[in-house]
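Everything on this sheet refers to the single structure shown next.
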There are 2 protein chains.
Amino acid sequence: MPADVTLRLEAYLPYRLSVASNRTSRWVARSYEARFGLSIWQWRVIAVLGGADRLTAQALTASTAMDKVTVSRAVRALIERGLVERKKHQSDGRSALLALTPAGRSVYDEVAPVALRHEAALLDGFSPEEIRQLTDLLLRLEKRAEELAED
Amino acid sequence: MPADVTLRLEAYLPYRLSVASNRTSRWVARSYEARFGLSIWQWRVIAVLGGADRLTAQALTASTAMDKVTVSRAVRALIERGLVERKKHQSDGRSALLALTPAGRSVYDEVAPVALRHEAALLDGFSPEEIRQLTDLLLRLEKRAEELAED
DNA sequence: ACAATTTAGTTGCAAATGTAACTAAATTCC
DNA sequence: GGAATTTAGTTACATTTGCAACTAAATTGT
């Protein structure tokens, strides 16, 4: 059976998705690394903590789509740099509450606009409707992939 | 400046893209690994070689969006498994021509339909028009990210 | 024609990653 | 109320990755 007639890598969706994602995250990652010395994961943690008050690591893993080991490592590095602080959680001795320190907050205030400019630069040339569609399609795809992975 | 008002990670496009891509490629990768013992990169090389006659590693890097080190490693593993063969390139002593062996061809014939089923499963629930849009939007995004990375 | 540069591909090494095993606290369920 | 299980988070280890340095062949420029 001539499978090569129907399978073309360049039109294969998981491939396109991977290329698009790798290119954009590499670009974005380099910028965070160069300007702020932050890895993508550290940046994600900061982004979420910046919009919340204090969260457990567990809550961070849920809202960053990172796994708990990755969160743990990112948080440790951020604590070492003095950008995040850890406070005892009084009702649960296993977990601690995490929050930005003032230094962390000021990094956040500096990084967030840069992040938004990145996004704007990337989406320059896309109409609002297209952006809406893209986001929607990606969300549906994520959900689908998650369902499929369960089996 | 209250950056937290405007930056929400869950609506941040590079993040959505990364989550969507990681979920789908993780799912797909596990399947290739489990069924055929192929990494994503090995599979890409096979996919491209399956649709071509014989290519240099250079041509492979161009059409798989992998870098030359990754291609080199994938090709080496495939040669060791007897799925790919390397022939002298008579006009250029630096590079060699790569092609699927019969064994490689038969793996290709087996994997390609699985890959297409994966894609179909993933895209179940998407209309043809949506699929077209998604592919188009991803391609534009890739191109944009590449341009931006150059500076 | 030959020195300098570019291109193809590989190798080595440091850093990042994923997985599994682990500790400790909380919860469940007799 | 106490054993068994689940949950939070960290650590250890093996694998993968990414980058820079390298070899060797081809190309360029003089």
Side-chain angles (χ1 to χ4, degrees), chain A residues 18-19 21-23 25-34 37-45 48-49 54-80 84-99 149, chain B residues 18-19 21-23 25-34 37-45 48-49 54-80 84-99 149:
Chain A
S18 157
V19 173
S21 169
N22 289 342
R23 294 230 168 108
S25 31
R26 183 158 322 191
W27 171 59
V28 160
R30 277 189 212 285
S31 162
Y32 295 150
E33 173 59 40
L38 293 174
S39 74
I40 280 274
W41 291 276
Q42 291 167 16
W43 142 245
R44 281 193 193 172
V45 166
V48 171
L49 285 179
R54 43 190 64 253
L55 296 172
T56 62
Q58 166 50 33
L60 277 176
T61 73
S63 53
T64 57
M66 293 153 63
D67 84 56
K68 60 183 183 171
V69 175
T70 312
V71 168
S72 171
R73 297 201 257 237
V75 165
R76 174 153 49 103
L78 292 171
I79 288 175
E80 276 163 12
V84 164
E85 65 180 356
R86 168 186 268 134
K87 293 200 174 171
K88 286 247 165 297
H89 188 133
Q90 61 274 56
S91 65
D92 189 334
R94 291 168 305 181
S95 63
L97 290 167
L98 302 164
Chain B
S18 157
V19 173
S21 170
N22 289 342
R23 294 231 170 108
S25 33
R26 182 157 324 191
W27 171 59
V28 161
R30 277 190 212 288
S31 161
Y32 295 149
E33 172 60 38
L38 293 174
S39 74
I40 280 273
W41 292 276
Q42 291 169 14
W43 141 245
R44 281 193 194 171
V45 166
V48 170
L49 286 179
R54 43 189 65 250
L55 296 173
T56 62
Q58 167 50 32
L60 277 175
T61 73
S63 55
T64 57
M66 292 153 64
D67 82 57
K68 61 182 183 173
V69 175
T70 312
V71 168
S72 171
R73 296 201 257 237
V75 166
R76 173 154 48 104
L78 292 171
I79 288 175
E80 277 164 11
V84 165
E85 66 180 356
R86 166 188 269 135
K87 293 203 173 169
K88 286 246 166 294
H89 187 133
Q90 61 274 57
S91 65
D92 188 335
R94 292 168 303 181
S95 62
L97 290 167
L98 302 165

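In the text below, chain A, chain B and the rest are named by the order of the sequence lines, each starting its count at 1.
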Which residues share a side chain to side chain donor-acceptor pair (under 3.5 Å) with A/Ser25, sequence neighbours left out | none
[X] has an atom [atom1]; how far is it from atom [atom2] of [N], in whole Å?
{"X": "A/Trp41", "N": "D/dT17", "atom1": "CH2", "atom2": "P", "answer": "12 Å"}
{"X": "B/Leu78", "N": "C/dT10", "atom1": "CG", "atom2": "C1'", "answer": "16 Å"}
{"X": "A/Ile79", "N": "D/dT10", "atom1": "CD1", "atom2": "P", "answer": "8 Å"}

Shortest non-hydrogen separation from [X] to [Y] and the atoms involved:
{"X": "A/Ala65", "Y": "B/Val19", "answer": "CB-CG2, 3.8 Å"}
{"X": "A/Ala74", "Y": "A/Met66", "answer": "CB-CE, 4.4 Å"}
{"X": "B/Val71", "Y": "B/Ala57", "answer": "CG1-O, 4.1 Å"}
{"X": "A/Val69", "Y": "A/Asp67", "answer": "N-OD1, 2.7 Å"}
{"X": "B/Gly37", "Y": "B/Gln42", "answer": "O-OE1, 3.8 Å"}

Looking only at side chains, do B/Arg44 and A/Ser18 share a donor and an acceptor under 3.5 Å apart?
-> yes
If you fit an axis to the five pairs at each end of the helix from C/dA1-D/dT30 to C/dC30-D/dG1, how big is the angle between those two axes, to 10 degrees?
-> 30°
How about A/Leu78 and A/Leu38: do any of their side-chain heavy atoms sit closer than 4.5 Å?
-> yes
Flag the pair A/Thr61 / A/Thr70 as yes when at least one side-chain heavy-atom distance between them is below 4.5 Å, and no otherwise.
-> no
Please check the phosphate of C/dG9 (OP1 and OP2 only) for any side-chain N or O of B/Arg76 closer than 4.0 Å.
-> no
For B/Arg30 and C/dG18, is the shortest distance between a side-chain N/O and OP1 or OP2 below 4.0 Å?
-> no
Side-chain atoms of residues 90-98 of chain B: list all donor-acceptor pairs with protein atoms under 3.5 Å, sequence neighbours left out, distances to 0.1 Å.
{"from": "B/Ser91", "atom 1": "OG", "to": "B/His89", "atom 2": "NE2", "distance (Å)": "2.9"}
{"from": "B/Asp92", "atom 1": "OD1", "to": "B/Arg94", "atom 2": "N", "distance (Å)": "2.9"}
{"from": "B/Asp92", "atom 1": "OD1", "to": "B/Arg94", "atom 2": "NE", "distance (Å)": "3.1"}
{"from": "B/Asp92", "atom 1": "OD2", "to": "B/Arg94", "atom 2": "NH2", "distance (Å)": "2.9"}

Residue-level proximity of residues 61-73 of chain B to DNA chain D when a heavy atom falls under 4.0 Å | B/Val69, B/Arg73
Mark up nucleotides 23-28 of chain C, 5' to 3', with B wherever a protein heavy atom is under 4.0 angstrom from a base atom, S wherever such an atom reaches only the sugar-phosphate, and - elsewhere.
-> --BS--
Under the side chain to side chain contact (heavy atoms under 4.5 Å, CB included) test, residues paired with B/Ser72 that sit two or more places apart = none
